[in-house]
Number of protein chains: 2
Amino acid sequence: MTLDARWGADGGPQSDKTETVASRILVVEDDERVRASVRLALEDEGYEVIETATAEEALAAFERRALPHLVLIDLMLPGMDGFECCRAIRRVSTVPIIIVTARTDTHDVVAGLEAGADDYVTKPFVAKELGARIRALLRRARAVPGQPTQAINVGDLELEPEAGVVRRGGQEIHLTRTEFLLLCELASNPGRVLSREQLLERVWGYDYFGDNRLVDVHIRRLRTKVEPDPTNPNHVLTVRGLGYKLQAG
Amino acid sequence: MTLDARWGADGGPQSDKTETVASRILVVEDDERVRASVRLALEDEGYEVIETATAEEALAAFERRALPHLVLIDLMLPGMDGFECCRAIRRVSTVPIIIVTARTDTHDVVAGLEAGADDYVTKPFVAKELGARIRALLRRARAVPGQPTQAINVGDLELEPEAGVVRRGGQEIHLTRTEFLLLCELASNPGRVLSREQLLERVWGYDYFGDNRLVDVHIRRLRTKVEPDPTNPNHVLTVRGLGYKLQAG
DNA sequence: CCGTGCCGTGACAGTCTCGTGAAGACTTGG
DNA sequence: CCAAGTCTTCACGAGACTGTCACGGCACGG
């Protein structure tokens, strides 16, 4: 399986506003006419648009790492429906998702948001409002996939999220997928304590329900690979009662 | 329960999987009846609610660093209106903001989002939908890594509640969970005296029954770590007969 | 000046958290 | 289908943290 979409998602310090590159928006919508009009509206707002007619195609796009900055999903899709699509994307990515649909029932709104969507807009929508909501969401998420992430250095550790490579003292070391995601999450917030819940949500997916201790075990295995002396870690530190953090500096 | 969601997860009696905890939501709304109903709805969803009737009061709350995790703003306010309030908050904070109003005009939606709001919900709203949108937004806000966290400075003390970090004179110091919560509570109300009862309620939980002296002991432990000279504290001060306060600036 | 009550201090046992090893479930590739 | 690698769960023990207590000092009012 390809690497997690978010490996490229957390960029370094952002220069907001000045978007040198147009944000790329994936539109998942089966009705060709609607799709065309949405494309026009979005391109008018200055976005780059990619389209798929089905949820399956959308997921395939994620598989081959054609990562959008934001996803618009129609609820009524042939095959896998919008809710399913949303959940499936959430399993591999934290990309901002807006559900666009004709169904105005509150129950659907709630279901959509619970499925992992960030916003829910009902048709017929006004282009300007959709544009504003997209801007608001991008502003909040600051998602800049595809943009090469700078390498993160912590002590003698050196990791390249984009390439999926970790080195210690110049020597490349092998981490499993989960270990790598875990390390990336910690490294994205150096010095900051992350709770088990936060790590579970970000590494395993927001809808994961299971043992908290799972985190401990992976932390331990990560330590055996990353720490010179796993018993006295000086990178991956435990903060009792709170969680874990990566030693800053 | 007062502070961050993260703390509650491990502390309580094996409560995992439950959607953890009380985020603090600030409701800015002048109509008392609406405010009461919103409070009820939110508390039903398990949030802690603080209220202000005007934008000015809301900003004052930010001034004294009573920081909420999310803000609900009504558009029609006496004095400074909702848009203004939103912009003013954005100047000092990246806290998630939802604008709640009766005005459904698209133009208002766009203006609200452009003013820095994350979402815009029109009255009459369904409680369940509002709840879902709040959850979605909190989820998104938490998921954004690398965000500079809001810091509270008191003298040479510097604490970042979200990051779980405390520094004195730039030097990071280790506090236990309870000590940290206690300090956060005091720091959220600098210069203000907090009684033992208040501290017990906010740090240990409203349903805690035990010795008041418990607070004393933890204050002492906190002092040994936070004060240069624990015998003559100049941060954490005792107010005889009343409680404790954190020396302001 | 003294007594009362409030607060600081040190110690201690119970509780909770975390690290650890191991075993079973699951996934992937051949 | 098997085999290797990986993920998840579980139980146990050491250690950290918490809550309680007793004692003594100090401020305040009489």
Side-chain angles (χ1 to χ4, degrees), chain A residues 1-4 63 91-92 164 173-183 193-197 199-200 203-205 207-227 229-245, chain B residues 6-17 164 173-183 193-197 199-201 203-205 207-227 229-245:
Chain A
M1 145 123 193
T2 59
L3 298 182
D4 191 304
E63 282 295 319
R91 276 193 279 276
V92 299
I173 56 184
H174 170 74
L175 296 184
T176 69
R177 185 186 125 90
T178 307
E179 288 159 3
F180 188 84
L181 288 175
L182 189 56
L183 182 57
V193 180
L194 298 177
S195 71
R196 288 161 220 286
E197 287 71 25
L199 291 170
L200 278 176
V203 174
W204 278 262
D207 57 350
Y208 177 87
F209 291 112
D211 197 347
N212 271 2
R213 304 301 310 282
L214 176 57
V215 180
D216 300 32
V217 178
H218 280 276
I219 286 281
R220 169 171 157 264
R221 282 208 295 267
L222 183 58
R223 278 172 174 160
T224 64
K225 296 180 180 179
V226 158
E227 298 284 354
D229 175 11
T231 315
N232 291 61
N234 54 2
H235 292 126
V236 182
L237 304 186
T238 303
V239 181
R240 187 162 266 265
L242 298 183
Y244 298 95
K245 73 174 177 181
Chain B
R6 293 175 287 128
W7 309 96
D10 285 334
Q14 283 317 49
S15 66
D16 51 16
K17 147 171 218 165
I173 56 184
H174 171 72
L175 297 184
T176 70
R177 196 179 62 141
T178 309
E179 289 159 3
F180 186 78
L181 288 174
L182 189 56
L183 181 57
V193 180
L194 297 177
S195 71
R196 291 176 172 68
E197 288 71 24
L199 291 171
L200 277 177
E201 178 174 335
V203 173
W204 279 263
D207 54 353
Y208 176 84
F209 291 111
D211 198 346
N212 269 4
R213 302 301 310 283
L214 175 56
V215 180
D216 301 34
V217 176
H218 280 277
I219 286 283
R220 171 175 154 265
R221 288 174 182 153
L222 183 58
R223 278 172 174 160
T224 64
K225 296 180 178 178
V226 160
E227 299 285 354
D229 175 12
T231 316
N232 290 60
N234 55 2
H235 290 125
V236 183
L237 304 185
T238 303
V239 181
R240 196 180 178 82
L242 295 182
Y244 298 94
K245 72 172 179 180

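So that the names make sense, note that chain A is the first sequence line, chain B the second, and so on, each numbered from 1.
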Rounded off to whole Å, could you give me the CG-to-P distance for the B/N212 and C/dG5 pair?
16 Å
Touch check for A/H218, heavy atoms < 4.0 angstrom, all strands: base, sugar-phosphate only, or nothing?
base
What are the bounds, 5' to 3', of the part of DNA chain D that sits under 4.0 Å from heavy atoms of chain A?
D/dT6 to D/dC17
Which residues satisfy the side-chain contact (heavy atoms from CB on, under 4.5 Å) test with A/N232, sequence neighbours excluded?
A/D229
Side chain to side chain donor-acceptor pair (under 3.5 Å) partners of B/K245, counting only residues at least two apart:
none
Compute the bend angle of the helix from C/dC1-D/dG30 to C/dG30-D/dC1 from the end axes (five pairs per end), rounded to 10°.
40°
Run the side-chain contact (heavy atoms from CB on, under 4.5 Å) test against B/E227 and tell me which residues pass, sequence neighbours left out.
B/R223, B/P233, B/N234, B/H235, B/V236
Could you tell me which non-hydrogen atom of A/V203 sits nearest to which non-hydrogen atom of A/L182, and how far apart they are?
CG2-CA, 3.9 Å
Who pairs with B/N212 by side chain to side chain donor-acceptor pair (under 3.5 Å), at least two apart in sequence or on another chain?
B/E197
Spacing between B/D211 atom CG and C/dC6 atom P, to the nearest angstrom
13 Å
A/I219 side, atom CD1; A/Y244 side, atom OH - distance, nearest 0.5 Å:
5.5 Å
Using the test salt bridge (charged side-chain N to carboxylate O under 4.0 Å, His left out), find all partners of A/R221 that sit at least two apart in sequence or belong to another chain.
A/E179
With sequence neighbours excluded, tell me which residues meet salt bridge (charged side-chain N to carboxylate O under 4.0 Å, His left out) with B/R213.
B/D216
A/V193 and B/G164 have their tightest heavy-atom pair at CG2-O, 3.8 Å
Nucleic acid footprint by protein, nucleotides 7-15 of chain C - heavy-atom cut-off 4.0 Å, B for base, S for sugar-phosphate alone
BBBBB----
Looking only at non-hydrogen atoms, find the nearest pair between B/L214 and B/L200 and report the distance.
CD2-CD2, 4.4 Å
Calculate the interatomic distance between A/E227 atom CD and C/dT20 atom P; express it in whole Å.
11 Å
